[in-house]
Amino acid sequence: LARLLSAVERGGPEAHEVGRLTYPVGGTAYTVGLTGAPGSGKSTLTAQLIAHLRRQGDEVGVLAVDPSSPFSGGAILGDRVRMQDHALDEGVFIRSMATRGHLGGLALATPEAVRLLDAVGFDWVLIETVGVGQVEVEVAGAADTTVVVVNPGWGDAVQASKAGLLEIADVFVVNKADRPGVEETTRDLRQMLELSDHSRPWLPPIVATVALGGEGIAEAWAAVLAHRAQLEDNGDLIARRESRVAAELVRIVAERLESRAREVCRGEAYEDLRRDVLDRQLDPYSAADEILAWVGSQ
Ligand SMILES: Nc1nc2c(ncn2[C@@H]2O[C@H](COP(=O)(O)OP(=O)(O)O)[C@@H](O)[C@H]2O)c(=O)[nH]1
Ligand SMILES: [Mg+2]
């Protein structure tokens with residue numbers, strides 16, 4: 001499994017072969033994304049959720065997608081230390097996804113890695129991501145249920161909102177509830193949710209946890225299960241998964257066309273064209289016409 005995941009990370013023909021084999025046999029695992037600012041307690045919470053699920057006898061795969069890891073070795077080490085309780089458990093598989101300096105690549109590699117864990121039979125796939133930046137938020141939102149982790153304290157809810165996390169949240173966890181400000185943060189979140197979108201079929205519940213001490217874990221998981229039940233009952237789970245795959249297909253086609261175009265013109269003409277667009281010498285649509293013409297001419 002570790003080797004196959006490495007192949008998926010590398011991309012290319014081997015990854016495509018893995019994808020070809022896993023795609024038809026998947027679809028049974030339920031994916032839960034955990035996102036939020038660095039240090040909010042996502043890894044600690046993930047470790048607690050693993051323990052919770054293992055007590056029920058469920059098997060769980062975990063992907064830790066943390067683009068900040070290459071810059072702070074401590075983050076990776078921290079995750080390992082916290083999650084090592086489960087290192088010898090056959091019912092748990094934990095993997096840190098590498099970005100190889102190409103953040104956009106994560107958007108393609110992550111769903112493929114999820115399908116691999118799904119295909120080998122995990123009941124649950126947990127995906128820990130850092131919710132900062134557009135691609136990260138996109139990756140974080142690509143789960144059946146997305147849990148947004150915030151901390152008590154002035155402005156944390158506002159930060160989450162600015163980062164675009166309000167839109168993708170199905171469940172809010174106010175972690176570090178051993179600190180003051182839980183009520184204020186909960187109230188801020190509720191207010192922002194009420195202001196944001198009245199057409200939501202699901203109002204995200206807000207659960208307080210102390211991940212470090214294991215408090216509120218059962219409640220947080222119950223909120224995930226409630227969201228899942230709602231998605232399954234109204235048909236939204238199928239709709240969500242379909243629109244995710246449709247978006248993935250578009251991304252794959254775009255990525256392939258782009259890399260094909262770069263191949264055909266060996267990078268230079270492509271860069272010139274890009275420069276022209278950046279300098280406002282050429283509009284993006286005309287540039288795209290030229291690029292697609294290169295691909296078509298081969
Ligand atoms: N006080 C307190 N600290 C916590 C809690 N949960 C996690 N932490 C600490 O917060 C720090 C960051 O946690 P971590 O799980 O690595 O956060 P991540 O970056 O979001 O994955 C660590 O030092 C944890 O021990 C909590 O509920 N209360
Ligand atoms: Mg972490």
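Atoms within a ligand are numbered from 1 in the order they appear, just like the ligands themselves. Note that the coordinates shown come from a computational prediction; the quantities given were computed from them, not determined experimentally.
Between Arg260 and Glu263 there is a salt bridge, with a side-chain nitrogen of the basic residue lying less than 4.0 Å from a carboxylate oxygen of the acidic one. For the pair Glu248 and Arg251, the salt-bridge criterion is not met [side-chain N within less than 4.0 Å of a carboxylate O].
For residue Thr44, no N/O/S atom approaches the Mg ion (ligand 2) to within less than 2.8 Å.
Between Ile291 and Leu273 there is a side-chain heavy-atom pair separated by less than 4.5 Å. Between Asn175 and Asn151 the shortest side-chain heavy-atom distance falls below 4.5 Å.
Relative to atom 19 (O) of ligand 1, the option among Gly39, Ser43, Gly41 with the closest non-hydrogen atom is Gly39. Considering Glu128, Lys176, Gln48 only, the shortest heavy-atom separation from atom 8 (N) of ligand 1 involves Lys176. The closest non-hydrogen atom to atom 2 (C) of ligand 1, taken over Asp178, Thr129, Val210, comes from Asp178.
Side chains of Thr31 and Asp144: a donor on one and an acceptor on the other come within 3.5 Å. A side-chain donor-acceptor contact under 3.5 Å links Ser6 and Arg95.
At a heavy-atom distance under 4.0 Å, atoms from both the backbone and the side chain of Ala211 approach ligand 1. If you look at Val149 next to ligand 1, there are no close heavy atoms at all, none under 4.0 Å.
When you scan the N, O or S atoms of Glu128 for the one nearest the Mg ion (ligand 2), you land on OE2.
Each of the following atoms of ligand 1 lies closer than 4.0 Å to a heavy atom of Asn175: 5 (C), 6 (N), 7 (C), 27 (O).
The closest approach between Ser40 and ligand 1 falls below 4.0 Å for a heavy atom of the residue.
More than 12 heavy atoms of other shown residues, nucleotides or ligands fall within 6.0 angstrom of atom CD in Glu232.
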